[in-house]
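Predicted model only: the values in this text are computed from it and were never measured.
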Amino acid sequence: FRRVLFRSTSTGTDQDAEAALIANSLYSETVVRQIEKRTGRRGLVLFNSYFASVGAQRWPTAWAADFKTGTSLVNGSLSAHTMVSSDMDADAPEGIHLGYLTPFTLIDSWAFYQEPWLYPPHIEGFHRFYAKLRVRLGPHLYTAAWESHTSGMPIMRPMVLEHPDVRELRMDSSQHYLGEGLLVGQNSRVYLPAGRWVDYWTGQSVTSIGAWRECNWSEPACGPLWVRAGSILMTRPVTSNAFAEDNSVLVAEIFPGSGNSTTRLYEDDGIGLAYRTGSHRITEFSCRENQGGLEVAVHQVSDTLNQGKDRIAYLFKLHAHRVPTDMAWQGHRISEKDSLPGLVNVPRQTGWCRDAHGPYVWIKVDPQWHFTSDGRGAGDPECDTPVWTGQPLDVNGQLKLIFGSETISPVPESSKMDREADSIRLMLNPPERIPLDDGSWLSQETTVYAWLEAAGQPVLTEGVGI
């Protein structure tokens with residue numbers, strides 16, 4: 001690369017064209033290496049993907065810039081650009097849904113008043129809902145990034161990559177996998193490949209022969225999100241950033257499917273360069289469903305992260321449609337609790353409970369930790385900051401449970417129009433217009449948002465550009 005670059009001149013020769021093809025790669029490599037050298041931490045470069053050059057996928061995050069993405073995100077993924085991103089359409093539900101469910105989330109607000117809090121409350125609520133979802137998906141996404149680093153499999157996976165024999169998906173860019181097993185649809189029409197699928201929002205389970213399906217969802221969800229049955233999604237509690245709170249307790253979300261399924265969780269320190277010399281932790285989770293029950297096994301494959309001295313534990317969230325009647329961890333029976341707070345927010349508890357809001361069963365097997373509120377105290381809506389009261393149990397083990405005949409219903413769809421509005425509110429975006437230094441004005445529409453409210457909650461919204 002360097003020989004081509006420094007041999008080239010400004011004569012318009014082929015060597016000049018070759019130099020243009022590698023210039024961005026050299027720039028990105030220089031920036032990343034210098035960050036690493038000066039800080040001892042990993043470097044990250046965000047660059048305009050329309051200036052991508054040979055080998056550029058090794059260093060930066062490829063950003064679609066000020067253009068509509070079209071097929072560029074999935075095409076970039078097929079070309080080894082695993083960290084693809086674009087400007088989020090931050091005031092449209094479908095844009096918010098896609099923007100937070102891509103490898104790298106970006107809101108371009110340098111001159112366009114697209115900060116979430118400058119939109120009406122319902123749109124700000126969409127952003128808050130999806131920002132929390134993305135934080136929860138952190139372990140799943142980080143493992144997908146590791147898989148991309150080691151195997152080349154992208155984080156944002158075009159459907160044709162996993163289903164090359166399905167003719168209908170060969171040119172489709174309206175949906176994608178985000179890591180293993182998580183299917184993101186960009187509009188209401190989604191193709192579900194053959195097999196069993198679970199609606200992430202409602203818990204509804206459907207069996208597909210391999211066909212298109214019209215999907216429905218309720219706010220604050222803004223688009224379809226499906227999980228392949230048999231998947232195990234590794235998630236985490238909500239924090240303001242990845243290092244804001246103790247990350248010692250993760251959540252294994254289990255979506256039972258026929259046969260055996262396995263997933264791996266990859267962890268390292270997330271900041272430094274020690275991962276290059278083998279400092280990491282890999283844990284394997286497997287699930288096997290039979291006619292009367294379920295077996296889940298946890299096996300720590302390797303742990304050289306912090307000399308294997310970290311305190312870690314797993315909380316299981318089972319997406320189930322039948323209520324268990326018996327459950328045991330490592331042969332020791334665990335009993336049912338009345339509520340989720342009674343299980344996870346009370347010290348020294350183990351057991352399982354049904355979720356009051358959907359077809360989920362929560363299972364806690366280590367009594368040495370519990371959740372409490374963060375620094376906000378009573379203002380923390382999740383109350384999911386871990387506190388340890390003793391040394392953790394060995395995470396390796398087997399969970400066995402037997403299902404009964406009692407079923408658990410999916411989350412019902414809700415409608416905001418079943419409430420009678422009592423007020424109307426208006427909001428402008430941008431809230432002000434500022435002249436540029438040369439006295440001109442930035443060309444931009446002002447959007448007038450009008451919405452009806454019932455008891456302070458929006459029931460019908462509309463934005464009109466002026």
Side-chain angles (χ1 to χ4, degrees), residues 129-130 132-140 181-183 196-206 216-218 220-221 224-238 249-258 261 263 265 285 287-289 292-296 298 313-329 334-346 349-366 369-371 381-384 386 399-414:
F129 175 79
Y130 273 91
K132 290 182 177 182
L133 173 64
R134 186 172 182 87
V135 170
R136 289 191 180 99
L137 290 173
H140 172 76
L182 188 61
L183 179 58
R196 188 148 58 93
W197 294 85
V198 180
D199 185 332
Y200 189 78
W201 305 131
T202 67
Q204 178 188 12
S205 177
V206 301
N216 299 302
W217 56 87
S218 300
L225 189 61
W226 292 85
V227 183
R228 183 190 290 123
S231 298
I232 303 173
L233 294 185
M234 297 307 302
T235 61
R236 52 162 293 174
V238 173
V249 178
L250 299 183
V251 181
E253 298 198 32
I254 302 166
F255 298 80
S258 58
S261 58
T263 192
L265 168 69
F285 297 79
C287 176
R288 182 167 68 91
E289 185 180 31
L294 185 74
E295 295 181 5
V296 178
V298 182
Y314 302 108
L315 175 66
F316 299 97
K317 181 181 181 181
L318 178 62
H319 294 248
H321 294 278
R322 288 184 294 162
V323 179
T325 57
D326 194 27
M327 192 177 305
W329 170 258
I334 52 179
S335 58
E336 183 178 5
K337 303 297 181 183
D338 292 335
S339 67
L340 182 58
L343 176 63
V344 300
N345 297 124
V346 178
Q349 295 294 313
T350 62
W352 64 274
C353 72
R354 295 172 55 172
D355 194 300
H357 304 292
Y360 320 117
V361 173
W362 294 87
I363 307 162
K364 182 175 182 288
V365 299
D366 191 334
W369 66 269
H370 64 278
F371 284 146
E382 282 78 31
C383 196
D384 57 4
L399 175 71
K400 292 185 177 182
L401 58 92
I402 298 173
F403 291 116
S405 58
E406 183 182 356
T407 60
I408 309 175
S409 300
V411 178
E413 294 182 16
S414 62

Any side-chain heavy atom of [X] sitting closer than 4.5 Å to one from [Y]?
X      : Y      : answer
Leu399 : Glu295 : no
Ile254 : Phe285 : no
His321 : Ile408 : no
Trp226 : Val206 : yes
Arg196 : Ser205 : yes
Asp384 : Val249 : no
Arg236 : Val251 : no
Tyr314 : Leu265 : yes

Sequence-distant partners of Phe371, ring pair (Phe, Tyr, Trp, His ring centres under 6.0 Å), two or more places apart
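For Phe371, the residues satisfying ring pair (Phe, Tyr, Trp, His ring centres under 6.0 Å) (neighbours in sequence not counted) are Trp369.
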Set of ring pair (Phe, Tyr, Trp, His ring centres under 6.0 Å) partners for His319, sequence neighbours left out
Phe255, Tyr360
Over 60° means perpendicular and under 30° means parallel, so classify the ring planes of Trp329 and Phe316, tilted if in between.
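Plane angle between 30° and 60°, so tilted.
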Of the non-hydrogen atoms in [X] and [Y], which two are nearest, and what is the gap between them?
X      : Y      : value
Leu182 : His140 : CB-NE2, 4.1 Å
Ala229 : Pro256 : CB-O, 3.5 Å
Ala320 : Phe403 : CB-CE2, 4.1 Å
Pro324 : Val361 : CD-CG2, 3.9 Å
Ser261 : Gly230 : OG-O, 2.6 Å
Gly404 : Arg322 : O-CD, 3.4 Å

For Trp362 and Asp355, does a side-chain donor sit closer than 3.5 Å to a side-chain acceptor?
yes
Would you please name every residue forming a salt bridge (Lys or Arg N to Asp or Glu O under 4.0 Å) with Glu406, sequence neighbours left out?
Arg354
Rounded to the nearest 0.5 Å, what separation is found between the CG atom of Leu318 and the CD1 atom of Ile363?
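These two atoms lie 5.5 Å from each other.
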Pair Phe129-Trp201, ring pair (Phe, Tyr, Trp, His ring centres under 6.0 Å): steps then yes or no:
CA-CA 12 Å; Phe129 175 79; Trp201 305 131; 5.5 Å; yes
